[in-house]
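To keep things clear, I will list the structure first and then write my remarks on it.
The figures here come from the full heavy-atom set of this structure, side chains too, leaving out hydrogens, waters and symmetry mates. Counting begins at 1 with the first residue of the sequence. Note that ligands are numbered from 1 as they come in the structure, with each ligand's atoms numbered from 1 the same way.
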Amino acid sequence: MEHPKDTLRVGVIGTGVMGADHAHNLARGVRGASLAAVADADVGRAKTLAAEVGADQVFADGTEMIGSGAVDAVIIAVPDPFHADLIHAALDAGLPVLCEKPLTPTVEEAVRIIRKHDALKRPLLTVGFMRRFDPGYLAMRRRLASGSEGALLMTHSCHRNVEAYPGQDSSATVTNSAVHEIDVLPWLAGSPITEVQWLSGRPSSLIDERIDPQLLLMRSADGVLHTVELQVHAQYGYDVRCELVCERGSIEMPPVPALIEAEEYIVSTDLSRRSAYPADWRPRFAAAYRAELAAWVEASLSGTIPEEAATARDSLRTTIVAETLVRSMNEDGARLRVPSIESVLGEED
Ligand code: ISE
């Protein structure tokens with residue numbers, strides 16, 4: 001399908017937490033976009049969402065929506081293992097895709113997508129690593145680039161969810177949650193991750209299905225060391241932190257910047273000092289999701305993908321690192337080299 005057009009008719013596939021969030025954002029208004037349809041195997045849930053957001057059409061199957069002619073572009077927000085088939089269908093139909101992270105849980109599936117994508121005349125695939133649009137991360141990146149604190153030496157991140165998704169195992173902490181840090185840290189630091197190690201210590205007694213917390217150590221090609229603590233069943237709040245340790249100082253992300261938007265202040269009262277935490281990532285990254293969607297719509301209308309967003313290749317790189325970390329988990333915390341994207345794609349000289 002050829003663009004530019006005035007309005008991009010967007011279809012949302014998957015009406016769970018993130019599909020619904022994207023649909024509501026579209027319904028609130030994104031310049032150049034209209035929400036044309038939603039799809040979900042759970043048709044009842046899709047119909048409820050369609051009524052809430054004013055989407056004209058409901059499909060029981062995302063592939064059917066892609067082939068229907070009713071949409072010009074799709075957002076894929078189904079569970080991770082189902083991303084690949086829908087991406088293939090959308091690319092075959094020539095539709096721009098915004099796929100929720102991760103691209104795919106395995107490198108093998110991601111490679112097949114890259115091969116198809118590389119053969120296209122124009123890029124169609126954007127992956128929803130929304131932290132690249134978050135004002136907090138963007139501010140840190142600008143400050144680092146200014147050089148005021150000198151060269152980057154280390155980073156420390158912490159990523160805590162209130163409750164783990166049920167039915168997932170320890171590897172999902174890496175492939176579903178840590179992928180955000182695996183994407184955003186090289187983007188901040190400007191150097192790919194080349195070596196990793198997965199570690200765990202005393203596990204929380206509050207969750208049986210997976211080891212929680214987990215600690216990831218990652219080293220980038222230029223020697224910067226990244227520590228990442230993941231705790232997906234932390235109970236108290238959704239808490240994402242990041243500190244960049246430099247030669248002459250450290251740059252810390254302002255705590256919970258999204259609360260400023262929600263007018264949740266740090267309150268001192270009754271002999272105490274309190275600040276609120278969001279319950280999950282939607283309020284914390286609300287501004288990022290909106291900016292990501294706006295950039296994707298604008299780029300799709302002019303036949304390209306947003307410059308700021310994670311590309312298919314960026315996302316393959318992330319999946320390679322995540323898969324190596326899961327290997328380290330299965331090999332008792334072995335320190336492992338991360339295969340280069342060129343070696344995985346057979347593009348080495
Ligand atoms: C979830 O799927 C997300 O993408 C959130 O941003 C992340 O913080 C959470 O850990 C994931 O499970």
Applying side-chain hydrogen bond (donor to acceptor under 3.5 Å, both in side chains), run through Glu52 and His24 and close with a yes or a no. CA-CA 8 Å; Glu52 276 167 26; His24 280 286; 3.1 Å; yes
Going through the distances and angles, do Ser34 and Arg9 end up as a side-chain hydrogen bond (donor to acceptor under 3.5 Å, both in side chains)? CA-CA 5 Å; Ser34 70; Arg9 295 169 305 158; over 6 Å; no
Going by the angle between their ring planes, with limits at 30° and 60°, are Tyr236 and Tyr277 parallel, tilted or perpendicular?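 Perpendicular.
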Table of N or O contacts for ligand 1, cutoff 3.5 Å:
unit_1   : atom_1 : unit_2 : atom_2 : d
ligand 1 : 2 (O)  : Lys101 : NZ     : 3.0
ligand 1 : 2 (O)  : Asn176 : OD1    : 3.0
ligand 1 : 4 (O)  : Lys101 : NZ     : 2.9
ligand 1 : 4 (O)  : His180 : NE2    : 2.9
ligand 1 : 6 (O)  : His180 : NE2    : 3.0
ligand 1 : 8 (O)  : His159 : NE2    : 2.7
ligand 1 : 8 (O)  : Tyr238 : OH     : 2.5
ligand 1 : 10 (O) : His159 : NE2    : 2.9
ligand 1 : 10 (O) : Asn161 : OD1    : 3.3
ligand 1 : 10 (O) : Asn161 : ND2    : 2.7
ligand 1 : 10 (O) : Ser177 : OG     : 2.7
ligand 1 : 12 (O) : Asn176 : OD1    : 2.7
ligand 1 : 12 (O) : Ser177 : OG     : 3.4

Over all heavy atoms of both residues, which pair between [X] and [Y] is shortest? Give the atoms and the distance, please.
X	Y	result
Glu100	Met18	OE2-CE, 3.8 Å
Ala221	Thr194	N-OG1, 3.6 Å
Pro306	Thr126	CD-OG1, 3.4 Å

